There are 2 protein chains.
Amino acid sequence: MDKDRPNESWDIAQVPDLDRIDVGILRLLQNNARLSVKEIAAEIGLAPSTTHERVRRMRETGILWGTHVEVNPKALGIGLEALLMIELSKHNRGIVDQFLDDIVSVPEVRSAFLVSGRYDLVVHVVVHDTQHLKDLALDQFTIRPGVTRIETSIIFDARRRYELPVFRSLR
Amino acid sequence: MDKDRPNESWDIAQVPDLDRIDVGILRLLQNNARLSVKEIAAEIGLAPSTTHERVRRMRETGILWGTHVEVNPKALGIGLEALLMIELSKHNRGIVDQFLDDIVSVPEVRSAFLVSGRYDLVVHVVVHDTQHLKDLALDQFTIRPGVTRIETSIIFDARRRYELPVFRSLR
DNA sequence: TATGAAAAAACACGGCA
DNA sequence: TGCCGTGTTTTTTCATA
């Protein structure tokens with residue numbers, strides 16, 4: 001199904017070792033996946049062939065997942081983004097999982113989080129304008145069984161980091 | 001600074017036209033940026049050179065931004081993710097902008113949204129464990145001037161779409 | 001938009017510390 | 001086992017029609 005994630009469900013104990021060089025490679029590729037092996041090699045001070053082998057291995061072992069281009073949302077007519085904070089009435093596992101699967105197939109949904117706290121679900125959506133946002137909220141979310149309440153938070157500004165930090169010991 | 005985003009602040013009126021073929025290319029590349037031009041061309045039924053020229057043009061004109069690899073968080077010792085919902089006391093523009101810039105330099109922060117509604121800020125963080133989350137919340141967020149309250153929402157499950165939808169007329 | 005040639009990159013493999 | 005250099009294949013890039 002998802003060829004980019006061969007080992008998504010691995011237990012942490014089974015995740016292969018990493019060293020500082022691997023982490024350096026990951027750092028570069030997270031910020032710019034179009035770097036050539038040669039450029040990466042120069043940056044970290046290894047031979048291109050060695051660097052290539054490390055990248056290949058990390059893909060193989062499920063450390064590196066897919067790579068994705070980022071598209072300018074404005075170029076697609078996306079003029080507004082929002083977070084929908086959703087409360088559900090029933091917390092039956094099957095229902096919640098199904099809910100997640102359902103909403104992620106809605107084109108306007110960028111990501112969906114099942115969370116603890118005041119809300120049950122936080123959903124990041126992209127739309128054309130406020131009218132579109134209203135229709136989306138009503139037609140795709142409020143209407144669903146199990147949804148008791150939705151709060152809509154317009155996104156005024158956003159920042160993103162592409163590099164994940166490292167919280168484990170390195171070989 | 002960010003070479004991948006030559007035209008981030010473009011007005012929508014200045015964004016170049018797209019046609020259905022462009023959208024098809026974008027769809028493929030958002031899901032897998034490692035596809036070769038040849039593979040894309042075969043998929044959409046165009047010559048590789050033509051396809052290549054379209055990709056080049058979309059990069060040039062700021063439709064296509066950067067490309068990033070996705071890393072398995074477990075491989076880095078990331079065992080827990082959370083959303084921090086933050087209330088600020090002051091809504092002075094300069095303070096809020098500075099706040100956003102500051103927190104995005106915290107390694108554990110993956111994204112930060114300035115929003116309307118009950119909270120002012122929603123911050124997605126990645127940590128090793130609950131102890132780490134507690135320390136992060138206290139040391140990096142609760143402590144900052146202007147923060148009046150934080151609600152922490154543990155992320156139990158998440159889904160993501162890589163393809164942005166299109167809400168504009170195509171050439 | 002397509003063709004074809006040149007340049008560059010990715011990839012496989014054998015040797016070496 | 002991990003690193004390096006080389007040869008081969010594939011992809012990218014670009015000039016030209």
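Chain naming here is simple, since letters A, B, ... match the order of the sequence lines and numbering starts at 1 in each. Worth saying up front: this structure is predicted, and the values here are computed from it rather than measured.
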Worksheet entry | Asp139(B): partners by salt bridge (charged side-chain N to carboxylate O under 4.0 Å, His left out), with sequence neighbours left out | none
Item to complete: Please determine, for the side chain of Leu46(B), which listed nucleotide (dA2(C), dG5(D), dG2(D)) has the closest atom?
Response: dA2(C)
Worksheet item: Between dG4(C) atom C1' and Glu53(B) atom CD, what is the distance in whole Å?
Response: 17 Å
Worksheet entry | Rounded distance (Å) that lies between atom P of dA10(C) and atom CG of Leu64(A) | 14 Å
Practice prompt. From the options Leu18(A), Asp19(A), Val23(A), select the one residue that forms a side chain to side chain contact (heavy atoms under 4.5 Å, CB included) with Ile21(A).
Written response: Asp19(A)
Worksheet item: Under 4.0 Å between a side-chain N/O of Arg171(A) and OP1 or OP2 of dG2(D), yes or no?
Response: yes
Discussion item. Please tell me whether Glu70(A) and Tyr162(A) have a donor and an acceptor in their side chains that are separated by less than 3.5 angstrom.
Written reply: yes
Worksheet item: Separation of Ile44(A) atom CD1 from dC3(D) atom C1', in whole Å?
Response: 12 Å
Practice prompt. Could you tell me whether Asp17(B) and Arg168(B) make a salt bridge, using a distance below 4.0 angstrom between a side-chain N and a carboxylate O?
Written response: yes
Discussion item. Before we go on, tell me: are the rings of His124(B) and Phe113(B) under 6.0 Å apart, centre to centre?
Written reply: no
Are there any protein N/O atoms within less than 3.5 Å of an N/O atom in nucleotides 11-15 of chain D, and if so, which ones and at what distance?
residue : atom : partner  : partner atom : Å
dT12(D) : OP2  : Val37(B) : N            : 2.9
dT13(D) : OP2  : His52(B) : NE2          : 2.7

Discussion item. List the residues meeting side-chain hydrogen bond (donor to acceptor under 3.5 Å, both in side chains) with Arg56(A), not counting sequence neighbours, and say none if there are none.
Written reply: Glu53(A), Glu60(A)
